Chemist: 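Pasting a structure below so you can have a look.
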Amino acid sequence: MPPTHHAPFLPGLRLSQHLFEEAVRPLLAAGLPGLRYAAARVGSGSEVLGFDSARSADHDWGPRLTLFLTPGDAAAQGPAIRELLAVRLPKDVRGWPTHFESSPDPLDPVGIMARTDGPVAHRVDVTDVDSWLADRLGLHGAPATADWLAMPQQRLAEVTSGAVFHDTTGELTAARDRLAWYPDQVWRHLLACQWQRISQEEAFPGRCAEAGDDLGAAVVTGRLVRDLMRLCLLLARRYAPYSKWLGSAFARLPVAATLTPHLRGALAATGAALRERHLCEAYEQVAAVQNESGLAPPLDPTRRPFHGRPYLVIGAQRFAEALRATVTDPALRGLPLTGAVDQWADNTDFLGLHAPARAAVHAM
(Lines give C-alpha, C1' and ligand atoms only; values in the text may rest on other atoms or scores of the structure.)
Protein backbone atom coordinates (compact mmCIF):
# COMPACT_ATOMS: atom_id res chain seq x y z
CA MET A 1 0.00 0.00 0.00
CA PRO A 2 1.49 3.40 -0.93
CA PRO A 3 2.18 6.07 1.68
CA THR A 4 -0.73 8.40 2.40
CA HIS A 5 0.75 11.65 1.09
CA HIS A 6 1.62 13.34 -2.15
CA ALA A 7 5.14 14.64 -1.61
CA PRO A 8 7.16 14.92 -4.82
CA PHE A 9 9.57 12.05 -5.27
CA LEU A 10 13.22 12.69 -4.56
CA PRO A 11 16.03 10.12 -4.55
CA GLY A 12 16.21 8.19 -1.31
CA LEU A 13 19.82 9.15 -0.62
CA ARG A 14 18.85 12.83 -0.68
CA LEU A 15 15.86 12.14 1.55
CA SER A 16 18.09 10.32 4.04
CA GLN A 17 20.54 13.21 4.01
CA HIS A 18 17.70 15.59 4.81
CA LEU A 19 16.66 13.28 7.65
CA PHE A 20 20.16 13.48 9.08
CA GLU A 21 20.86 17.16 8.52
CA GLU A 22 17.46 18.50 9.54
CA ALA A 23 16.42 16.10 12.29
CA VAL A 24 18.87 13.51 13.58
CA ARG A 25 22.05 15.57 13.85
CA PRO A 26 20.40 18.46 15.76
CA LEU A 27 18.81 16.01 18.22
CA LEU A 28 22.10 14.20 18.83
CA ALA A 29 24.00 17.47 19.21
CA ALA A 30 21.52 18.68 21.83
CA GLY A 31 21.02 15.42 23.68
CA LEU A 32 24.48 13.82 23.42
CA PRO A 33 27.02 16.57 22.71
CA GLY A 34 30.45 15.21 21.87
CA LEU A 35 29.16 11.84 20.70
CA ARG A 36 31.47 10.36 18.07
CA TYR A 37 29.61 8.53 15.32
CA ALA A 38 29.06 8.01 11.61
CA ALA A 39 25.74 8.51 9.87
CA ALA A 40 25.11 6.83 6.53
CA ARG A 41 22.51 5.35 4.22
CA VAL A 42 24.06 2.01 3.38
CA GLY A 43 22.86 -1.59 3.28
CA SER A 44 19.79 -2.92 1.52
CA GLY A 45 17.49 -0.78 -0.59
CA SER A 46 17.35 0.33 -4.20
CA GLU A 47 18.28 3.88 -3.21
CA VAL A 48 21.65 2.68 -1.90
CA LEU A 49 22.56 1.55 -5.41
CA GLY A 50 20.98 4.64 -6.96
CA PHE A 51 18.19 2.76 -8.74
CA ASP A 52 15.14 3.95 -6.77
CA SER A 53 12.13 5.64 -8.33
CA ALA A 54 8.65 6.68 -7.28
CA ARG A 55 7.70 3.00 -7.40
CA SER A 56 10.19 2.29 -4.62
CA ALA A 57 8.14 4.28 -2.10
CA ASP A 58 5.60 1.49 -1.68
CA HIS A 59 7.79 -0.54 0.70
CA ASP A 60 11.03 -0.38 2.71
CA TRP A 61 11.83 3.06 1.32
CA GLY A 62 11.73 6.44 3.00
CA PRO A 63 13.72 8.54 5.49
CA ARG A 64 16.21 5.90 6.66
CA LEU A 65 19.61 6.06 8.30
CA THR A 66 22.18 3.99 10.15
CA LEU A 67 24.19 5.46 13.02
CA PHE A 68 27.54 3.80 13.68
CA LEU A 69 28.91 4.34 17.18
CA THR A 70 31.90 2.82 18.91
CA PRO A 71 31.01 -0.61 20.34
CA GLY A 72 30.96 0.79 23.87
CA ASP A 73 28.75 3.73 22.97
CA ALA A 74 26.44 1.55 20.89
CA ALA A 75 25.84 -0.70 23.89
CA ALA A 76 25.56 2.12 26.42
CA GLN A 77 23.79 4.79 24.38
CA GLY A 78 21.97 2.84 21.68
CA PRO A 79 18.68 2.28 23.55
CA ALA A 80 18.56 5.92 24.69
CA ILE A 81 19.18 7.17 21.15
CA ARG A 82 16.44 4.99 19.73
CA GLU A 83 14.03 6.28 22.38
CA LEU A 84 15.10 9.89 21.88
CA LEU A 85 14.38 9.64 18.16
CA ALA A 86 11.08 7.84 18.72
CA VAL A 87 9.87 10.74 20.88
CA ARG A 88 11.55 13.77 19.30
CA LEU A 89 11.93 12.92 15.61
CA PRO A 90 9.74 15.04 13.31
CA LYS A 91 6.72 13.20 11.96
CA ASP A 92 7.91 13.80 8.42
CA VAL A 93 10.88 15.02 6.42
CA ARG A 94 10.25 16.91 3.19
CA GLY A 95 6.68 15.56 3.24
CA TRP A 96 7.66 11.91 3.73
CA PRO A 97 6.65 10.20 7.01
CA THR A 98 9.42 9.11 9.36
CA HIS A 99 7.09 6.53 10.94
CA PHE A 100 6.98 2.99 9.53
CA GLU A 101 4.42 0.26 10.03
CA SER A 102 4.65 -3.39 9.06
CA SER A 103 2.60 -4.51 6.10
CA PRO A 104 -0.40 -6.68 7.00
CA ASP A 105 0.94 -9.59 4.96
CA PRO A 106 2.71 -12.01 7.37
CA LEU A 107 4.56 -13.58 4.45
CA ASP A 108 5.99 -10.23 3.35
CA PRO A 109 6.55 -8.08 6.46
CA VAL A 110 7.93 -5.01 4.73
CA GLY A 111 7.99 -1.54 6.24
CA ILE A 112 5.54 1.03 4.91
CA MET A 113 5.59 4.74 5.69
CA ALA A 114 2.51 5.93 7.58
CA ARG A 115 1.26 8.94 9.52
CA THR A 116 1.25 8.79 13.30
CA ASP A 117 0.27 11.03 16.19
CA GLY A 118 2.30 9.05 18.70
CA PRO A 119 5.93 7.94 18.97
CA VAL A 120 7.73 7.38 15.69
CA ALA A 121 8.63 3.82 14.75
CA HIS A 122 11.60 5.14 12.84
CA ARG A 123 14.13 3.51 10.58
CA VAL A 124 17.22 4.96 12.21
CA ASP A 125 19.32 1.97 13.20
CA VAL A 126 22.06 2.21 15.84
CA THR A 127 25.00 -0.20 15.70
CA ASP A 128 28.79 -0.34 15.48
CA VAL A 129 30.86 -0.99 12.39
CA ASP A 130 32.18 -4.42 13.40
CA SER A 131 28.75 -5.76 14.33
CA TRP A 132 27.25 -4.42 11.13
CA LEU A 133 29.94 -5.99 8.93
CA ALA A 134 29.54 -9.29 10.75
CA ASP A 135 25.80 -9.19 10.09
CA ARG A 136 25.98 -8.03 6.47
CA LEU A 137 29.04 -9.91 5.26
CA GLY A 138 29.95 -12.45 7.92
CA LEU A 139 33.21 -10.57 8.46
CA HIS A 140 35.19 -10.58 11.68
CA GLY A 141 38.26 -8.47 11.09
CA ALA A 142 40.10 -7.80 7.84
CA PRO A 143 38.87 -10.03 4.99
CA ALA A 144 41.06 -12.98 4.07
CA THR A 145 40.97 -14.65 0.65
CA ALA A 146 38.26 -17.07 1.80
CA ASP A 147 36.14 -14.13 2.94
CA TRP A 148 36.37 -12.42 -0.44
CA LEU A 149 35.20 -15.60 -2.17
CA ALA A 150 32.31 -16.03 0.26
CA MET A 151 30.84 -12.52 0.04
CA PRO A 152 28.17 -11.99 -2.66
CA GLN A 153 28.75 -8.98 -4.87
CA GLN A 154 25.27 -7.67 -4.08
CA ARG A 155 26.22 -7.45 -0.39
CA LEU A 156 29.57 -5.85 -1.19
CA ALA A 157 27.75 -3.27 -3.32
CA GLU A 158 25.35 -2.54 -0.45
CA VAL A 159 28.24 -1.94 1.95
CA THR A 160 30.35 0.21 -0.37
CA SER A 161 27.61 2.17 -2.18
CA GLY A 162 25.12 4.62 -0.71
CA ALA A 163 26.37 7.70 1.09
CA VAL A 164 28.14 8.63 4.32
CA PHE A 165 26.89 11.96 5.67
CA HIS A 166 29.07 12.23 8.79
CA ASP A 167 31.96 10.23 10.22
CA THR A 168 33.94 11.45 13.21
CA THR A 169 35.34 8.03 14.15
CA GLY A 170 36.60 7.21 10.66
CA GLU A 171 35.85 3.52 11.16
CA LEU A 172 33.04 3.28 8.63
CA THR A 173 34.96 5.18 5.97
CA ALA A 174 38.03 2.98 6.51
CA ALA A 175 35.95 -0.20 6.29
CA ARG A 176 34.28 0.94 3.06
CA ASP A 177 37.68 1.80 1.60
CA ARG A 178 38.99 -1.68 2.46
CA LEU A 179 36.02 -3.31 0.75
CA ALA A 180 35.78 -0.94 -2.23
CA TRP A 181 37.13 -3.59 -4.61
CA TYR A 182 38.75 -7.02 -4.64
CA PRO A 183 42.46 -7.41 -3.99
CA ASP A 184 44.33 -7.70 -7.28
CA GLN A 185 44.92 -11.45 -7.02
CA VAL A 186 41.30 -12.20 -6.14
CA TRP A 187 40.15 -10.01 -9.01
CA ARG A 188 42.29 -11.90 -11.50
CA HIS A 189 41.01 -15.22 -10.17
CA LEU A 190 37.38 -14.14 -10.46
CA LEU A 191 37.90 -12.87 -14.00
CA ALA A 192 39.41 -16.24 -14.94
CA CYS A 193 36.40 -17.96 -13.38
CA GLN A 194 33.96 -15.76 -15.29
CA TRP A 195 35.63 -16.54 -18.60
CA GLN A 196 35.55 -20.21 -17.60
CA ARG A 197 31.77 -20.00 -17.08
CA ILE A 198 31.40 -18.70 -20.63
CA SER A 199 33.68 -21.41 -22.00
CA GLN A 200 31.48 -24.12 -20.51
CA GLU A 201 28.38 -23.04 -22.47
CA GLU A 202 29.49 -21.00 -25.46
CA ALA A 203 28.97 -23.93 -27.86
CA PHE A 204 25.57 -24.90 -26.47
CA PRO A 205 23.35 -22.45 -28.41
CA GLY A 206 24.64 -23.96 -31.64
CA ARG A 207 24.35 -27.52 -30.41
CA CYS A 208 20.81 -26.96 -29.12
CA ALA A 209 19.75 -25.41 -32.40
CA GLU A 210 21.30 -28.28 -34.36
CA ALA A 211 19.26 -30.67 -32.22
CA GLY A 212 16.08 -28.77 -33.07
CA ASP A 213 15.80 -27.21 -29.59
CA ASP A 214 15.36 -23.54 -30.30
CA LEU A 215 13.93 -22.91 -26.82
CA GLY A 216 16.97 -24.51 -25.21
CA ALA A 217 19.25 -22.42 -27.43
CA ALA A 218 17.45 -19.27 -26.28
CA VAL A 219 17.74 -20.26 -22.61
CA VAL A 220 21.48 -20.87 -22.88
CA THR A 221 21.88 -17.62 -24.80
CA GLY A 222 20.23 -15.78 -21.93
CA ARG A 223 22.70 -17.33 -19.53
CA LEU A 224 25.62 -16.33 -21.72
CA VAL A 225 24.35 -12.76 -22.05
CA ARG A 226 24.07 -12.54 -18.27
CA ASP A 227 27.60 -13.89 -17.84
CA LEU A 228 28.96 -11.39 -20.36
CA MET A 229 27.27 -8.54 -18.49
CA ARG A 230 28.76 -9.69 -15.21
CA LEU A 231 32.15 -10.09 -16.87
CA CYS A 232 31.98 -6.49 -18.11
CA LEU A 233 31.18 -5.27 -14.61
CA LEU A 234 34.13 -7.24 -13.23
CA LEU A 235 36.43 -5.75 -15.84
CA ALA A 236 35.15 -2.27 -14.95
CA ARG A 237 35.73 -2.90 -11.22
CA ARG A 238 32.04 -2.66 -10.39
CA TYR A 239 30.28 -5.06 -8.04
CA ALA A 240 27.40 -6.72 -9.88
CA PRO A 241 24.02 -6.34 -8.17
CA TYR A 242 21.50 -9.14 -8.14
CA SER A 243 19.24 -9.80 -11.11
CA LYS A 244 16.69 -7.00 -10.58
CA TRP A 245 19.35 -4.32 -11.06
CA LEU A 246 21.91 -6.13 -13.21
CA GLY A 247 20.76 -4.51 -16.45
CA SER A 248 20.61 -1.07 -14.84
CA ALA A 249 24.16 -1.41 -13.52
CA PHE A 250 25.46 -2.74 -16.84
CA ALA A 251 23.82 0.16 -18.72
CA ARG A 252 26.06 2.59 -16.82
CA LEU A 253 29.25 1.08 -18.25
CA PRO A 254 30.92 2.77 -21.24
CA VAL A 255 30.99 -0.53 -23.14
CA ALA A 256 27.20 -0.87 -22.88
CA ALA A 257 26.55 1.59 -25.70
CA THR A 258 28.08 -0.66 -28.35
CA LEU A 259 27.58 -4.02 -26.66
CA THR A 260 23.88 -3.76 -25.77
CA PRO A 261 22.58 -3.98 -29.39
CA HIS A 262 24.34 -7.33 -29.82
CA LEU A 263 23.16 -8.66 -26.48
CA ARG A 264 19.60 -7.66 -27.36
CA GLY A 265 20.02 -9.13 -30.82
CA ALA A 266 21.19 -12.46 -29.42
CA LEU A 267 18.25 -12.60 -27.03
CA ALA A 268 15.70 -11.67 -29.70
CA ALA A 269 17.07 -13.92 -32.45
CA THR A 270 14.82 -16.73 -33.63
CA GLY A 271 17.37 -18.43 -35.83
CA ALA A 272 20.70 -20.07 -35.05
CA ALA A 273 22.77 -18.03 -37.53
CA LEU A 274 21.57 -14.63 -36.28
CA ARG A 275 21.90 -15.67 -32.65
CA GLU A 276 25.45 -16.88 -33.24
CA ARG A 277 26.42 -13.71 -35.11
CA HIS A 278 25.24 -11.42 -32.31
CA LEU A 279 26.88 -13.54 -29.62
CA CYS A 280 30.18 -13.56 -31.48
CA GLU A 281 30.08 -9.78 -31.98
CA ALA A 282 29.56 -9.46 -28.23
CA TYR A 283 32.32 -11.94 -27.42
CA GLU A 284 34.80 -10.07 -29.59
CA GLN A 285 34.02 -6.73 -27.98
CA VAL A 286 34.43 -8.11 -24.47
CA ALA A 287 37.63 -9.92 -25.46
CA ALA A 288 39.00 -6.61 -26.72
CA VAL A 289 38.19 -5.00 -23.36
CA GLN A 290 39.97 -7.87 -21.63
CA ASN A 291 43.05 -7.35 -23.83
CA GLU A 292 43.03 -3.61 -23.15
CA SER A 293 43.04 -4.22 -19.39
CA GLY A 294 46.64 -5.42 -19.51
CA LEU A 295 45.90 -8.04 -16.84
CA ALA A 296 47.15 -10.86 -19.08
CA PRO A 297 48.98 -11.14 -22.40
CA PRO A 298 46.61 -10.15 -25.24
CA LEU A 299 44.98 -12.96 -27.19
CA ASP A 300 43.39 -13.07 -30.62
CA PRO A 301 39.90 -11.64 -29.91
CA THR A 302 38.18 -13.11 -32.96
CA ARG A 303 35.63 -15.90 -33.28
CA ARG A 304 36.63 -19.43 -34.21
CA PRO A 305 35.03 -22.87 -34.67
CA PHE A 306 34.41 -24.91 -31.54
CA HIS A 307 37.02 -27.64 -32.06
CA GLY A 308 35.81 -29.71 -35.05
CA ARG A 309 32.19 -28.64 -34.79
CA PRO A 310 30.57 -25.92 -36.92
CA TYR A 311 29.66 -23.56 -34.06
CA LEU A 312 31.48 -20.25 -33.84
CA VAL A 313 32.69 -19.23 -30.35
CA ILE A 314 35.36 -17.00 -28.81
CA GLY A 315 37.33 -19.83 -27.19
CA ALA A 316 36.77 -18.36 -23.74
CA GLN A 317 38.94 -20.90 -21.98
CA ARG A 318 41.98 -19.25 -23.58
CA PHE A 319 41.25 -16.09 -21.60
CA ALA A 320 40.55 -18.05 -18.44
CA GLU A 321 43.89 -19.81 -18.63
CA ALA A 322 45.80 -16.63 -19.50
CA LEU A 323 44.38 -14.92 -16.43
CA ARG A 324 44.94 -17.95 -14.21
CA ALA A 325 48.61 -17.88 -15.20
CA THR A 326 48.90 -14.41 -13.61
CA VAL A 327 47.55 -15.59 -10.25
CA THR A 328 50.44 -16.16 -7.85
CA ASP A 329 48.60 -16.26 -4.51
CA PRO A 330 48.99 -19.83 -3.16
CA ALA A 331 45.52 -19.62 -1.58
CA LEU A 332 44.04 -19.19 -5.07
CA ARG A 333 46.32 -21.09 -7.42
CA GLY A 334 45.15 -24.48 -6.17
CA LEU A 335 41.45 -23.70 -6.48
CA PRO A 336 39.30 -24.83 -9.40
CA LEU A 337 37.86 -22.10 -11.58
CA THR A 338 34.46 -22.18 -9.88
CA GLY A 339 34.96 -18.72 -8.41
CA ALA A 340 33.21 -16.78 -5.69
CA VAL A 341 29.90 -17.74 -4.19
CA ASP A 342 27.74 -15.86 -6.66
CA GLN A 343 29.58 -17.38 -9.60
CA TRP A 344 28.25 -20.79 -8.62
CA ALA A 345 25.06 -19.96 -6.70
CA ASP A 346 22.30 -17.79 -8.16
CA ASN A 347 19.85 -17.06 -5.36
CA THR A 348 18.67 -13.62 -4.24
CA ASP A 349 18.06 -15.04 -0.75
CA PHE A 350 21.71 -16.09 -0.44
CA LEU A 351 22.90 -13.55 2.09
CA GLY A 352 26.54 -14.41 2.54
CA LEU A 353 28.49 -17.22 4.10
CA HIS A 354 29.48 -17.20 7.73
CA ALA A 355 32.43 -19.07 9.19
CA PRO A 356 31.17 -22.69 9.05
CA ALA A 357 30.22 -22.35 5.39
CA ARG A 358 33.43 -20.67 4.28
CA ALA A 359 35.31 -23.94 4.36
CA ALA A 360 32.79 -25.33 1.88
CA VAL A 361 33.83 -22.70 -0.66
CA HIS A 362 37.32 -24.18 -0.70
CA ALA A 363 36.05 -27.74 -0.72
CA MET A 364 34.26 -27.28 -4.03
Side-chain angles (χ1 to χ4, degrees), residues 1-33 35 37-69 77-106 108-127 132 136 157-168 172 176 241 244-245 248-249 251-252:
M1 137 178 105
T4 55
H5 58 82
H6 303 283
F9 174 78
L10 71 163
L13 288 182
R14 284 175 52 197
L15 182 58
S16 292
Q17 184 171 11
H18 290 313
L19 172 68
F20 174 65
E21 298 285 356
E22 299 168 15
V24 174
R25 178 151 71 176
L27 289 173
L28 293 179
L32 292 165
L35 181 70
Y37 65 94
R41 180 65 187 99
V42 289
S44 62
S46 55
E47 67 269 35
V48 172
L49 302 182
F51 299 134
D52 58 325
S53 66
R55 175 67 65 192
S56 308
D58 63 2
H59 75 285
D60 281 339
W61 183 97
R64 300 176 59 184
L65 201 64
T66 302
L67 299 177
F68 296 89
L69 282 59
Q77 305 288 353
I81 291 173
R82 295 184 190 96
E83 180 63 21
L84 170 69
L85 296 177
V87 174
R88 300 285 305 279
L89 205 62
K91 304 299 185 186
D92 66 76
V93 172
R94 300 296 172 106
W96 298 89
T98 56
H99 176 77
F100 287 78
E101 294 181 353
S102 295
S103 66
D105 185 353
D108 190 21
V110 296
I112 300 173
M113 289 175 289
R115 300 294 180 185
T116 183
D117 293 325
V120 173
H122 56 78
R123 285 294 183 92
V124 180
D125 299 321
V126 183
T127 185
W132 189 72
R136 302 300 301 175
E158 292 174 355
V159 168
T160 57
S161 300
V164 177
F165 309 122
H166 179 82
D167 188 1
T168 53
L172 178 62
R176 282 162 54 88
K244 179 165 64 170
W245 302 120
S248 298
R252 294 176 174 179

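All values reported here derive from a predicted model rather than from experimental measurement.
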Chemist: Do you know the tightest heavy-atom contact between R136 and G43?
Modeler: NH2-C, 4.1 Å

Chemist: How many angstroms lie between atom CZ of R252 and atom CH2 of W245, to the nearest 0.5 angstrom?
Modeler: 10.0 Å

Chemist: Please list all pairs passing the salt bridge (Lys or Arg N to Asp or Glu O under 4.0 Å) test where one or both residues lie in residues 44-55, with sequence neighbours left out.
Modeler: R41-E47

Chemist: If I compare all heavy atoms of A7 with all of G95, which pair ends up nearest, and what's the gap?
Modeler: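 Shortest heavy-atom separation between A7 and G95 comes out as CB-O, 3.6 Å.
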
Chemist: What do the steps show when you test F68 against D167 for side-chain contact (heavy atoms from CB on, under 4.5 Å), and what is the final call?
Modeler: CA-CA 9 Å; F68 296 89; D167 188 1; over 6 Å; no

Chemist: Take V42 and V159 through the side-chain contact (heavy atoms from CB on, under 4.5 Å) test and state the conclusion after the steps.
Modeler: CA-CA 6 Å; V42 289; V159 168; over 6 Å; no

Chemist: Nearest 0.5 Å please: distance from the CH2 atom of W96 over to the OG atom of S16.
Modeler: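 Here the interatomic distance stands at 12.0 Å.
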
Chemist: What distance do L10 atom CG and Q17 atom CD have between them, rounded to the nearest 0.5 Å?
Modeler: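 It is 10.5 Å, given to the nearest 0.5 Å.
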
Chemist: Using a 6.0 Å cut-off, check whether atom CZ of R88 has over 12 heavy atoms from anything other than its own residue.
Modeler: no

Chemist: I'd like to check the ring pair (Phe, Tyr, Trp, His ring centres under 6.0 Å) partners of H166; sequence neighbours left out, ordered by chain and number.
Modeler: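 Partners of H166 by the ring pair (Phe, Tyr, Trp, His ring centres under 6.0 Å) criterion, ordered by chain and then number, come out as F20, Y37.
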
Chemist: Could you point out which residue of T98, L65, D60, L19 forms a side-chain contact (heavy atoms from CB on, under 4.5 Å) with R123?
Modeler: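 The passing option is D60.
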
Chemist: Could you tell me the separation between the CG atom of L85 and the CG atom of L67, rounded to the nearest 0.5 Å?
Modeler: 7.0 Å

Chemist: Side-chain contact, heavy-atom cut-off 4.5 Å: E83 with P119?
Modeler: no

Chemist: Does L172 form a side-chain contact (heavy atoms from CB on, under 4.5 Å) with T66? I'd like the steps, not just the answer.
Modeler: CA-CA 11 Å; L172 178 62; T66 302; over 6 Å; no

Chemist: Whether the side chain of H99 engages the backbone of R115 through a donor-acceptor N/O pair (distance < 3.5 Å, no angle test) should be reported.
Modeler: no

Chemist: Measuring only between side-chain heavy atoms, which start at C-beta, is V24 closer than 4.5 Å to L89?
Modeler: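 In contact.
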
Chemist: Taking all heavy atoms of L13 and all of A163, pick out the closest pair and write down the distance.
Modeler: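 Distance-wise, the nearest heavy atoms are CD2-N, 4.1 Å.
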
Chemist: Please give me the minimum heavy-atom distance between H122 and V124, naming the atom from each residue.
Modeler: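 Taking H122 first and V124 second, the nearest heavy atoms are ND1-N, 3.1 Å.
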
Chemist: Can you name the closest pair of heavy atoms from F100 and G62 and give their distance?
Modeler: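 For F100 and G62, the tightest heavy-atom pair comes out as CZ-CA, 4.0 Å.
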
Chemist: Without swapping roles, check the side chain of K91 against the backbone of V120 for a donor-acceptor pair under 3.5 Å.
Modeler: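 Answer holds: no.
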
Chemist: The criterion is side chain to side chain contact (heavy atoms under 4.5 Å, CB included); which residues satisfy it with T160, sequence neighbours excluded?
Modeler: L179, Y239

Chemist: Could you grab the distance from atom CG of L27 to atom CD1 of I81, nearest 0.5 Å is fine?
Modeler: 11.0 Å

Chemist: Closest approach of P33 and A30, non-hydrogen atoms and distance?
Modeler: CD-O, 3.9 Å

Chemist: Would you say the side-chain atoms of R82 pair up with the backbone N or O of V126, donor to acceptor, closer than 3.5 Å?
Modeler: yes

